[in-house]
Amino acid sequence: MNARLSISGCVLLALLIIPATARAQGARVQLDQLKQLADKAEETVDVTVDSAMLKQSAGFLTGRDNAKLQALIDGLTGIYVKSFKFAVPNAYTDADVESVRKQVAGSPWSRIVGVREKGELTEIYFFREKESTGGLLVLTAEADELTIVNIVGRIDLASLAALGPMIPKLPGAMKKAVPK
Amino acid sequence: MNLEHELRQALKRRTPSSGFDERVLGRIASGATVPVPAPQTRWTRLALPVAASLAFALAGSYYVSQHERQQELAQAEQAARDVVLALQIASEKVSAVQVKVQEISHHERQVEY
């Protein structure tokens with residue numbers, strides 16, 4: 001009887017935990033298939049920041065100047081960036097872009113911005129979790145540059161856009177770009 | 001050559017001062033003793049190596065903990081850099097999209113008028 005109760009408890013707990021985990025993973029978009037583009041790119045930025053790394057970084061982003069940055073980070077569980085700058089145009093294919101777009105096609109993702117002009121594509125997708133935003137995907141595909149930013153967690157687009165000039169200039173912050 | 005001469009001088013047989021043998025025999029006869037240093041106990045023999053080992057272990061563990069702490073700090077600093085870089089790129093791209101959207105809406109408004 002006790003064993004049966006324990007098993008039922010475990011099953012109930014699993015039912016409660018698994019959807020939450022699935023939701024948290026849901027806003028994560030698979031970008032590993034783009035790694036091969038690094039061979040063709042002149043400059044590559046590949047950033048993978050998970051929740052543990054976000055917590056680790058907290059100590060370095062304290063202070064009044066970083067309050068807004070810290071407030072933005074508090075709701076996040078992951079940041080993933082892949083950015084490639086090519087020496088020649090059309091070094092990547094439509095299939096590369098589609099491999100990302102197909103993952104965010106349909107619910108719970110919704111496209112809030114889509115601009116296509118002069119062969120350039122810019123899109124922003126939101127991952128809706130109940131009433132709040134559980135993630136974001138920014139995709140910009142230009143002739144000689146492809147950038148995908150995937151943010152997992154609560155994110156406010158206005159705060160993110162306004163953050164640019166306030167971002168602290170940590171030494172070497174922009175030296176992550178690895179020239180080929 | 002010089003060394004050989006010095007050695008010869010140093011090891012040359014010398015006659016003892018007068019009355020040397022009487023003095024030695026007299027001391028033996030009187031039963032005079034020379035204090036012999038006390039033999040080292042087991043504890044005193046072990047103390048030095050034990051203390052050295054302890055000091056070495058303490059210094060080692062301190063070095064390891066400091067090294068680990070430095071590594072953690074370096075990792076945290078790298079994570080902070082990655083976070084800033086990622087948000088910088090995201091912010092730039094979102095701002096660029098906002099500008100594009102504003103331009104398009106402005107253009108559409110002009111066309112309407």
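Numbered from 1 within each chain, the chains take letters A, B, ... in sequence-line order.
- For the atom pair A:Q30 CD and A:N150 CG, the distance stands at 10.0 Å (nearest 0.5 Å).
- Neither the backbone nor the side chain of A:L139 comes within contact range of chain B; no heavy atom of the residue lies under 4.5 Å from a heavy atom of that chain.
- The line from CG of A:D46 to CG of A:L31 is 8.5 Å long, rounded to the nearest 0.5 Å.
- At a 4.5 Å heavy-atom cutoff, A:E123 makes no contact with chain B through either its backbone or its side chain.
- The two residues A:R128 and A:S110 make their nearest non-hydrogen contact at CG-OG, 4.2 Å.
- If you tally non-hydrogen atom pairs under 4.5 Å between each of A:L54, A:I151, A:V149 and chain B, the highest count goes to A:V149.
- In this structure, the side chain of B:S91 engages the main chain of A:L160 through a donor-acceptor pair within 3.5 Å.
- How far CG of A:L76 is from CZ of A:R154: 8.5 Å, rounded to the nearest 0.5 Å.
- With respect to A:R116 and A:E120, no salt bridge is recorded, no charged nitrogen being found less than 4.0 Å from a carboxylate O.
- Within residues 81-103 of chain A, the residues having any heavy atom closer than 4.5 Å to a heavy atom of chain B are A:V81, listed by residue number.
- Linking Ile, Leu, Val, Met, Phe, Trp and Tyr residues whenever their side-chain heavy atoms come within less than 4.5 Å leaves A:V113 and B:V99 in two separate clusters.
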